[in-house]
Number of protein chains: 2
Amino acid sequence: MKKATIKDVARVAQVSVASVSRALNRQGGVTAETVERIRAAARQLRYIPDNAARSLITRRTHTVGALLPDLYGEFFSELIRGIDLAARARGLQLLVSSSHDGLEDASAAMRAMLGRVDGMLILSPWVDQAFLEANLPGDLPTVLMNSPVEGGEHDVINIDNRGGAHAMTEHLLRKAGHPTVTFIAGPAGNYDSVQRELGYRQAMAEFAPKAAVDVVAGSFTEESGYHAGRELLARKQRPRAVFAANDMMAVGCLYAFKEAGLQVPQDIALAGFDDIPIARYLTPSLSTVSVHIAELGRNALERLAVQLDGHERSHTTDTLGCAVVIRHTCGAS
Amino acid sequence: MKKATIKDVARVAQVSVASVSRALNRQGGVTAETVERIRAAARQLRYIPDNAARSLITRRTHTVGALLPDLYGEFFSELIRGIDLAARARGLQLLVSSSHDGLEDASAAMRAMLGRVDGMLILSPWVDQAFLEANLPGDLPTVLMNSPVEGGEHDVINIDNRGGAHAMTEHLLRKAGHPTVTFIAGPAGNYDSVQRELGYRQAMAEFAPKAAVDVVAGSFTEESGYHAGRELLARKQRPRAVFAANDMMAVGCLYAFKEAGLQVPQDIALAGFDDIPIARYLTPSLSTVSVHIAELGRNALERLAVQLDGHERSHTTDTLGCAVVIRHTCGAS
DNA sequence: CTGAAAGCGCTAACAT
DNA sequence: ATGTTAGCGCTTTCAG
């Protein structure tokens, strides 16, 4: 019992393969009657068109690739979720590839996707213009997310990392009234992290010019946040307010603070970045910078779909705004 | 500038297309010298083999599909992460399809994947034997995860939901010494939820035969856990111990308890199920049933890969054990 | 409205 | 060791 092909359907329905193709793709030019006969035959044979053969000739795979650095944590799950939702709505399949830790890996992952996808969504903090030129066919529709690559060949959707971090730092300093703020950074060289740190530094210069900028290292994981938190508490003078470059680190940090018996925000204030779903359910609930992660994914896919439909590349750069979300950890109502 | 095909490479390298194919697929039968000439030509033309054409003839896509009900929350992100990691290690691509809320959707999603994948990983609490027979070609390698379908056509990897829930309930009753336990269930009809509730009921019958079984509804989201928590607190007699059918609901529930000013576990104890990454970072840290989610994904993919390599279906049913993880919310050290 | 036939780009016999 | 050629299953002119 082999898989039925279009020929089998044609034979059973007593028509030519061309008619079967036309009927099943509802292109018209076939009598309603014949269509029905063909439908019946297809059903009877459990006929499923072979996508490989189809896309060989149509040059369309109806599949988009998503290249991500990792899949760990709620940020990425929300992002994929947004992408997947939008893709489904558009009738597109989603090929994901994550878990690569550098340009080597990213390049291999990208190559493996080429020819399988009609376009690509790329979120990779290491990817730059040169890399893209070397690894992408010039005509493959692409949307970059949170990318340093700007004003060039590609469609880019960024988050206002700098602005969001600036606003949160300002809030901590001016509204919540903390004299200074300590920043827990993400992985070195990570674009998001760099931009957020920049926003922090600008706000510090602006609103706490006397205070020293204070940055400790992290890597965007809960664990690194926990360690950073412990490190901060071990100082002879513990900070009064801490701003973590993402929510996962804030989660780890919060744990460290409460483990040490500290009251948050009375003894020490805390804020994060991303507004992952769980942020509002922490106790105290986490003040953070809201990013609408799923929205970002949805947006990127829509943008890609436009390129796909229009058969032309585009190259706009959009920046999605961020909003400071005040909950309880930051010490201002 | 159109995309280079194998013919172009052959022309430039001054060999036949067959040699190009052989050289690039390292099948031997070509002089090292010619291979080098071919490689050079391919590089020069930026030649990328067309996967559609290739899989049309090889009948292999090197892609596996993952059918999931949703992508919300850390459970699924961990699961995909495990799958993706294993797939990458095997040189397989991963086509994901989630966000379907019933058999209709699942069927459509499945059909869209057919012909694009060499095999499928299915985690869908609604899918049963009849559905699979109706929607899957009989010869497509498949691995079911957490599925009610047993002892039949398919490879199945289950989690010991019943055993885990039983063990946690026993712990709450006997070790932590709570006189009775209230259970927050997942979505009605969801297989995981049903099994977990079963384990709870069995343990109640065994270790607290006098106490009434007490089950409230939930839907596996933080929000539903929050509402269930509030509902519980609104009773004239509030429960002493609560067991949520998954961690996300426990998170919402914990929030409700602390919002009401209750001490956990002194005033009210709480436990979850799954051990999502964030569980240990809640305060108090969440006692839960550990599932090794990423491992489950990895396992399922490995199993599928075996079927792919062996060119034959298999039909074993494995059950992965769960371990009770005692942290601070359950009220026993 | 329908059918015949020409490929899409590639691999795998089968020749040489 | 290399070339020739016949398709894989489908869509799409082009005739009828």
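So that the names make sense, note that chain A is the first sequence line, chain B the second, and so on, each numbered from 1. On a predicted model such as this, the values are computed, not experimentally measured, just so you know.
- Close approach of DNA chain C to chain A, defined as any atom under 4.0 Å from a non-hydrogen atom of the protein, starts and stops at C:dC1 to C:dG9.
- Using a 4.0 Å cut-off between charged side-chain N and carboxylate O, A:D84 and A:R81 make no salt bridge.
- Taking A:V17 as the reference, A:I6, A:K7, A:A10 meet the side chain to side chain contact (heavy atoms under 4.5 Å, CB included) condition, with sequence neighbours excluded.
- Two residues are said to be in side-chain contact when any heavy atoms from C-beta on lie closer than 4.5 Å; A:L79 and A:L68 meet this criterion.
- Salt-bridge check for B:E36 with B:R43: passed, with a basic side-chain N closer than 4.0 Å to an acidic carboxylate O.
- A heavy atom closer than 4.0 Å to some atom of DNA chain C occurs in no member of residues 109-119 of chain A.
- Contact check on B:R90 versus B:D309 returns a salt bridge, with a Lys/Arg side-chain nitrogen under 4.0 Å from an Asp/Glu carboxylate oxygen.
- Across B:A23 and B:R39, no two heavy atoms sit closer than the pair O-NH2, 4.3 Å.
- The two residues A:N146 and A:N158 have their closest heavy-atom pair at CA-OD1, 3.1 Å.
- Applying a 4.0 Å cut-off to non-hydrogen atoms, the residues of residues 30-43 of chain B that approach DNA chain D are B:V30, B:T31, B:T34, listed by residue number.
- Other residues, nucleotides and ligands contribute more than 12 heavy atoms inside 6.0 Å of the CD atom of A:E295.
- End-to-end axis angle of the helix from C:dC1-D:dG16 to C:dT16-D:dA1, using five pairs per end and rounding to 10°, comes to 40°.
- Using a 4.0 Å cut-off between charged nitrogen and carboxylate oxygen, B:R116 and A:D50 do not count as a salt-bridge pair.
- Of all non-hydrogen atoms in A:S97 and A:M113, the two that sit nearest each other are CB-CE, 3.3 Å.
- A salt bridge links B:D318 to B:R303: at least one charged side-chain nitrogen sits closer than 4.0 Å to a carboxylate oxygen.
- With respect to the salt-bridge test (charged N to carboxylate O, under 4.0 angstrom), the residues B:R298 and B:E78 do not qualify.
- The closest side-chain heavy-atom distance from A:N135 to A:V127 is not below 4.5 Å.
- Using a 4.5 Å heavy-atom threshold, the side chains of B:V64 and B:L301 count as touching.
- Tested against B:V143 for a side-chain contact (heavy atoms from CB on, under 4.5 Å), the candidates B:V306, B:D155, B:T316, B:N299 yield a single pass: B:D155.
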Could you write nucleotides 9-16 of chain D as a row of B, S and -, 5' to 3', where a protein heavy atom under 4.0 Å of any base atom gives B, of only sugar-phosphate atoms gives S, and otherwise -? BSBBB---
